Structure formats: C-alpha cells, structure tokens
Visitor: 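Before anything else, here's the structure in question.
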Protein chains: 2
Amino acid sequence: METQEITVREHILQTATRLFHDQGYNLTGINQIIDEAGVAKASLYYHFPSKEDLCEAYLHRRNNLWFEGLLSYLKEVEDPRQRIIKTFDYRAIHLKKNHWGGCSHIKIISEMPQRGEKIDRAVLLQKEKQRKFFLELTEQAEENKKKAATLAETIFLLFDGGTVQCQVYRDAAPLQAAKRAVVSLLSELK
Amino acid sequence: METQEITVREHILQTATRLFHDQGYNLTGINQIIDEAGVAKASLYYHFPSKEDLCEAYLHRRNNLWFEGLLSYLKEVEDPRQRIIKTFDYRAIHLKKNHWGGCSHIKIISEMPQRGEKIDRAVLLQKEKQRKFFLELTEQAEENKKKAATLAETIFLLFDGGTVQCQVYRDAAPLQAAKRAVVSLLSELK
DNA sequence: GTCTATATTGTGATAGAC
DNA sequence: GTCTATCACAATATAGAC
C-alpha cells in the first residue's frame, strides 16, 4: 500500500498554485515558491523543467478543481435551466473564496501577452470546456439547435463579463446582475 | 507661441503606453522604456517619481484616447440604440488595432493583484465612465428608469465579456456575438 | 532638466556533491 | 531525488556632475 504522504512535487504545485493566483504569475519568483514549500531550488527544477511548465500544471490544476467543485455543487440539481443559473452562484462563491482574484486562466492571458503554445492550449482547453458545459445545458432546455447555441454564447459572455467585473470591484454584484440577466433569458424559452 | 516639439515627458509616456499595453506592465522594464525612448534613466524618474506613477499616467492616457476615439466614431449617430450597438463595433475595431491585447485597465488588475490606491482609482474611474455612458443611452431608449438601469448593466457585462473573450481567442467573434445579444435586447423595447 | 555611473536586490536556471 | 552554492543577467531606484 502506498504512503499517503504528499509528494514533493505535489507540495511544490500546491504552493505555486496558491502564490500564482494570489500574487500573480510574474510577481511570484521561484525563490518564494521554494522558500514557502520548504524545498531546494534544484528539487523544483527536477520536477518542473521551467517556470512555464509549472504554470501549465497550475492552470490544469485550477481547471480540474473548479469543475470538480462545480459538479459537486450541482449534484442534486437536475433541471438544465437551474444548473445554468446555479453555476453563476457557484462562480461567485468560488471567486469570493479566492479573494476576488478573478479567473486564473484569464489572468494568465493578461500576464503573458506573448504566451507559448503550452499555456495557450491550457487556457483554450478550459474555455472550451466551459463553453461546452453551457451548450449541452441549453440544448436540453431548447430544442432548436441554433437558438440553443446563440443562448449558450450569450450566457458564456455574461459569465466571463461577471467574472471580470467581480475581480475589478471585489464584489459579487456583477455576477448577481449577470445571473438575473440569465434568468430573464431562460424564462423567455417556451 | 509655444513650440510644437514633443516634450521629453510626452515621449516617455508614449513609449511606455505602447510597451505596457503590448508586452504587459510587469514584463516591461524601465531600461527598455528609456532605451526605446532614447532618454536617460534619471530623466524618466524626474518626470515620473516611480514606475507606478508612470502606470497611472498610462491608464489615464488610454482611458482618454479610447473615449475620444469612440465619440469621434459615433459623431454622426444620433439614435441611442444605434450608439450602443456601434460602440460594440468600435470596441472590436479598437481591440484588433491593438493586436487583441485586451483592455488596458482589466489587464492591470490582473497584473497587480495588490494594486495601490492610485491605480485602483484610475481603473474604477474608467469602468464608471463606461457604465455611465451605457446608462445614459438606455435611459434615452427606455423611460422606465429601473428597466433602463438593468438593461445598461446587462449590456456592460456583455461588453466586458466580449472584450475578454476577444483577448483570449484573438478574434472578433465574441464581440460580434455580444453585439447580436445587445441588438436582441434592444429590439424587445416597446 | 538631462546626463553617467552605480547601488541593491531579485530573477530564472544550472553544476555537482551526496 | 534532494541538497548547497553559484551563475549571468535584469529589476527599480538614486547620487551627483553639468
């Protein structure tokens, strides 16, 4: 039976994930990560060949954790419209818990204008996963595929707009407004 | 009569504005700014006491230029609904011209999680100016003040959502989708 | 007001012992 | 696999001459 101990690699990734999100990627140095993780610099570079590789792992981690938390939050919600609406509640709860630091993936885009392929793929992967999530739900609520697609796009725009404005204002109000707009849109369906 | 020559201060600010937006604030060093502006380091610090002061001037500059360009673009558009809709067109044109680098103010928020008061004020100033712009137009198109306020908020969310997604995808499609959603919302008014 | 030269600290990354 | 020690370079900012 394997030990339950946290591996060094995992410890580094957890520390980096916290610091990258709270302080920003460019403002977090390798030195601070190894200090707070309590490991040697060479240990970090053994597990992650470069800071960008560590960033990539950080983005995948955040993506997975967010979706796991969302599905858990929606566990007992079956109606597709309610699942969409409650996703906005979850988003607000999640952002507040992370001190209104915003979406890790959107932030990385702003921090790395000339991002490499690895980072680009990680960000687009998350965005497409979110887009698909909304699309599948609108298709359950609206038979007309074209209408469902348009609706999903609008919801996704309100979702990201609310996310960014909550980061700016450090308050849940924008996502609540976005939620009300979505409720209104969904109530128009026959 | 004063000389038309560009002052050193203005030259520094122009260079910094270009670099901050294209490369990011944290990835642009003072050294690169003075190199490309062709001035000495002490000259920069004479006009701008710190990099953060230069950042503040950069944000105000971007804010003013964007609004001047918008009002010029809307010069011959009188109908409030059309002014709202064409603002989305202008946004897409402006973002494309800036190589899909996104909104300077939203980006700074992501680059400086623990931003100082000066930066915070500059960002909120721009956001409130945009919010007020949309609100005044919806109040012209809809007499019910409460409905107009809700509509303006939704439009603003679609505006920022489209802006951020255009930055992610480096494409105008999200803002076009946002525009279609706004057209739909405005057509529902009596 | 603009310059050169420098101070101090931090960056990402690597070599080589164990 | 993890460590210590160190590399080469870039960061923001300042002192003092002119």
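This one's a predicted model, so the numbers in the text were calculated from it and none came from an experiment.
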Visitor: Could you state the atom-to-atom distance from CD of B:Q32 to C1' of D:dT12 in whole Å?
Guide: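 It works out to 15 Å between those atoms.
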Visitor: What contact category does A:T28 fall into here, base, sugar-phosphate, or nothing, at under 4.0 angstrom with non-hydrogen atoms?
Guide: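 Sugar-phosphate contact only - A:T28 comes under 4.0 Å of backbone atoms but never of a base.
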Visitor: Let me know the distance between CZ of B:F48 and P of C:dT2, rounded to the nearest Å.
Guide: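 Between P of C:dT2 and CZ of B:F48: 11 Å.
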Visitor: For residues 73-81 of chain A, which side-chain N or O atoms pair as donor and acceptor with protein atoms under 3.5 Å away, sequence neighbours left out?
Guide:
unit_1, atom_1, unit_2, atom_2, d
A:D79, OD2, A:R81, N, 3.4
A:D79, OD2, A:Q82, N, 3.1
A:R81, NH1, A:L186, O, 3.2

Visitor: Rounded to whole angstroms, how far apart are CG on A:L54 and C1' on C:dA13?
Guide: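 Result: 14 Å.
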Visitor: Does B:S43 make a side-chain N or O approach to OP1 or OP2 of C:dC3 shorter than 4.0 Å?
Guide: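 The answer is yes; a side-chain N or O of B:S43 sits under 4.0 Å from OP1 or OP2.
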Visitor: To the side chain of A:K51, which of D:dA13, C:dA13, C:dA15 is closest?
Guide: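 The answer is C:dA13.
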Visitor: Under 3.5 Å, is there a donor-acceptor pair between the side chain of A:T15 and the main chain of A:H11?
Guide: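 The answer is yes, because a donor-acceptor pair under 3.5 Å joins these two groups.
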Visitor: Nearest of D:dT4, D:dT14, C:dC3 to any side-chain atom of B:A40?
Guide: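 Per side-chain heavy atoms of B:A40, the pick is C:dC3.
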Visitor: Look at the side-chain N and O atoms of B:N31 and state whether any lies under 4.0 Å from the OP1 or OP2 oxygen of D:dT12.
Guide: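 So the side chain of B:N31 is outside the cut-off, no N or O lying under 4.0 Å from OP1 or OP2 of D:dT12.
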Visitor: Between D:dA13, D:dT12, C:dG12, which nucleotide gets closest to the side-chain atoms of B:I30?
Guide: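 Taking heavy atoms from C-beta onward, the closest nucleotide is D:dT12.
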Visitor: From CD1 of A:I34 over to P of C:dG10, roughly how many Å is that when rounded to an integer?
Guide: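 For the pair A:I34 CD1 and C:dG10 P, the rounded distance is 13 Å.
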Visitor: Give the rounded distance in Å between these two atoms: CD1 of A:I33 and C1' of C:dA13.
Guide: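 Result: 13 Å.
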Visitor: From the list D:dG1, D:dT14, C:dT2, which nucleotide is the closest neighbour of the side chain of B:H47?
Guide: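 From the listed options, C:dT2 comes nearest.
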Visitor: How long is the straight-line distance from CD1 of B:I108 back to CD of B:E111, given to the nearest 0.5 Å?
Guide: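 Here the rounded value is 5.5 Å.
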Visitor: So, is B:Y46 close to the C:dT2 phosphate, meaning a side-chain N or O under 4.0 Å from OP1 or OP2?
Guide: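 Checking C:dT2 against B:Y46, no side-chain N or O comes under 4.0 Å of OP1 or OP2.
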Visitor: I want to confirm an ordering. Mapping A:L27 and A:A42 to their closest nucleotides on DNA chain C, which one lands closer to the 5' end?
Guide: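 The 5'-side residue here is A:L27.
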Visitor: Can you tell me how far C1' of C:dG10 sits from CG of A:D35, to the nearest Å?
Guide: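 Roughly 12 Å, once rounded to whole Å.
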Visitor: Does a side-chain N or O of A:Y45 approach OP1 or OP2 of C:dT14 to a distance below 4.0 Å, or not?
Guide: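 The answer is no; no side-chain N or O of A:Y45 sits under 4.0 Å from OP1 or OP2.
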Visitor: Round to the nearest Å and state the distance from A:L44 atom CG to D:dT4 atom P.
Guide: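 Spelled out: CG on A:L44 to P on D:dT4 is 14 Å.
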Visitor: Verify the ring-centre separation between A:Y90 and A:W66: is it less than 6.0 angstrom?
Guide: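 Yes: the rings meet the under 6.0 Å criterion.
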Visitor: Rounded to whole angstrom units, what separation is found between the CE atom of B:M112 and the P atom of D:dT12?
Guide: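 One finds 11 Å between P of D:dT12 and CE of B:M112, rounded.
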Visitor: Backbone N or O of A:G116 within a donor-acceptor pair of the A:D120 side chain at under 3.5 Å?
Guide: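 Not a single qualifying donor-acceptor pair exists.
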